[in-house]
Amino acid sequence: MNMNLDKHLTGRLTLERDGSDFLGTRRITLLRGIAESGSISAAARTIGMSYKAAWDAVDAMNNLADRPLVVSGAGGKHGGGSQVTDHGLRQIELFGILEREYRRMLERIEAAGDELGEHLQWIRNLNMVTSARNHFLGHVVGITPGPVNAEVVLDIGGNDRVTAVITYHSLETLGLEEGVEAYALIKAPSVIVTRADDSLRLSTRNRLCGAVSRLQTGPVNAEVAIELKGGKTVVAVITSESAERLGLHEGADACAAFKASSVILAVTR
């Protein structure tokens, strides 16, 4: 919420999950643009958003939603166009309802005077933001406790699962048990990329496979986004040399591998 108590009170509605923006005015505008144009790049240009920022926003929304909001057509993310799903259209509709109520709330806050506004500003300062690039919402489907550590398995949808190893103390603190909703956070540099047909055996507990949806290379590192069959996206940061050696390109089959100890679990209260 943006507040200037010396002038007319203004604000911006943002829905968050696990300290990360899920839906906001800008993302809803992007979704509306995709629904109208059938193209993420065209929608991004309309609202002055960069191509990369638009794809990052779509990845984040799909990863945090229980069902994909945007899907790509045949031909890949450049050739096949993109479509907002029925679930995505419903989110646009619901956000409009929330936004109208939010404006009414701002009007009531403004009428209450400066004191209430100061309390709201203090609450805003308590928000936390995580640096982990990959966020997955799921449900606990298995727990194997041990004397020190516990193995926790999350179903993140699309027949994909993420396994984490956390301390038994953390298991109790988070209140994790089967059926509980939780988030899995994985930093992009912790993700190893392999080709799907690679016979190399790794000790990593997690292996999620799909197709490269975005590849951005630099002088040293490359950012690789792998879209899973269920619509989620895993982002990895590897060396550009490795990306070249693996023969990565958009549309190529690839897998994201990461250790269970690299997964951070979080819950909302």
Side-chain angles (χ1 to χ4, degrees), residues 1-3 10-73 76-78 80-106 120 123-124 126-138 156-158 181 183-188 210 213-214 216 223 225-228 230-235 266 268:
M1 179 181 297
N2 300 323
M3 288 177 286
T10 61
R12 182 177 60 220
L13 177 63
T14 301
L15 305 181
E16 296 184 351
R17 284 184 175 176
D18 193 44
S20 296
D21 290 354
F22 173 47
L23 288 177
T25 302
R26 193 161 172 79
R27 287 186 176 178
I28 287 294
T29 303
L30 177 64
L31 284 179
R32 289 193 183 110
I34 297 170
E36 293 171 1
S37 66
S39 167
I40 292 180
S41 58
R45 286 194 299 270
T46 300
I47 63 175
M49 182 182 287
S50 71
Y51 172 82
K52 182 178 184 301
W55 276 115
D56 285 348
V58 169
D59 288 346
M61 287 187 287
N62 279 345
N63 283 351
L64 291 176
D66 53 351
R67 282 170 283 167
L69 306 186
V70 178
V71 294
S72 299
K77 289 199 169 183
H78 288 294
S82 298
Q83 180 182 1
V84 177
T85 64
D86 289 342
H87 187 53
L89 293 174
R90 180 60 176 159
Q91 301 311 305
I92 294 173
E93 180 183 358
L94 292 175
F95 191 88
I97 296 172
L98 290 174
E99 201 167 37
R100 289 191 291 273
E101 292 300 319
Y102 180 68
R103 292 194 190 104
R104 294 190 184 101
M105 182 192 72
L106 288 180
L120 290 174
I123 293 173
R124 180 184 178 220
L126 297 180
N127 288 338
M128 294 188 298
V129 178
T130 175
S131 63
R133 184 65 182 280
N134 296 292
H135 297 195
F136 298 104
L137 175 63
I156 62 172
E181 188 176 76
Y183 297 89
L185 314 177
I186 310 103
K187 291 189 175 183
S213 59
R214 189 172 64 256
Q216 183 176 6
E223 181 179 281
I226 300 173
E227 183 174 336
L228 308 178
K232 310 287 186 183
T233 299
V234 184
V235 177
T268 56

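Keep in mind that the numbers below use all heavy atoms, side chains included, and drop hydrogens, waters and symmetry copies.
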CD on E36 to OG1 on T46, rounded to 0.5 Å: 8.5 Å

For a quick test of reading the model, state the closest non-hydrogen atom pair linking A65 to K232 and the distance between them. O-NZ, 2.7 Å

Any heavy-atom pair between the side chains of R67 and R90 that's under 4.5 Å? no

Check this for me, if you would: do K52 and D59 make a salt bridge, where the nitrogen-to-carboxylate-oxygen distance has to be below 4.0 angstrom? no

Would you mind reporting whether V84 and Q91 have side-chain heavy atoms less than 4.5 Å apart? no

Compare every heavy atom of L30 with every heavy atom of A57, then report the nearest pair and how far apart it is. CB-CD2, 4.0 Å

Interatomic distance, CG@L185 vs CZ@R133, rounded to 0.5 Å, equals 13.5 Å

Donor-acceptor pair, side chain of S213 and main chain of A225, under 3.5 angstrom: yes

Do you know which two heavy atoms are closest between F95 and T25, and how far apart they sit? CZ-N, 3.6 Å

Please check: side-chain N/O of N134 versus main-chain N/O of V234, any donor-acceptor pairing under 3.5 Å? no

How far does CG of D56 sit from OH of Y51, to the nearest 0.5 angstrom? 10.5 Å

S39 and S37: CA distance, side-chain angles, deciding distance, side chain to side chain donor-acceptor pair (under 3.5 Å) verdict: CA-CA 5 Å; S39 167; S37 66; 4.9 Å; no

CZ on R32 to CD1 on I92, rounded to 0.5 Å: 6.0 Å

Under the 3.5 angstrom rule, does the side chain of N62 hit a backbone N or O of L69 as a donor-acceptor pair? yes

Gap between atom CH2 of W55 and atom CD of E227 - 0.5 Å precision: 7.5 Å

Can you tell if the side chain of M61 reaches within under 4.5 Å of the side chain of L31, non-hydrogen atoms only? yes

What closest approach, in Å, do T85 and V70 show between heavy atoms, and which atom pair accounts for it? CG2-N, 4.4 Å

Using 0.5 Å steps for rounding, measure from the CG atom of L64 to the CD1 atom of I156. 11.0 Å

How close do G231 and P68 get, heavy atom to heavy atom, and via which atoms? CA-CG, 4.1 Å

If I compare all heavy atoms of A43 with all of G33, which pair ends up nearest, and what's the gap? CB-C, 3.5 Å

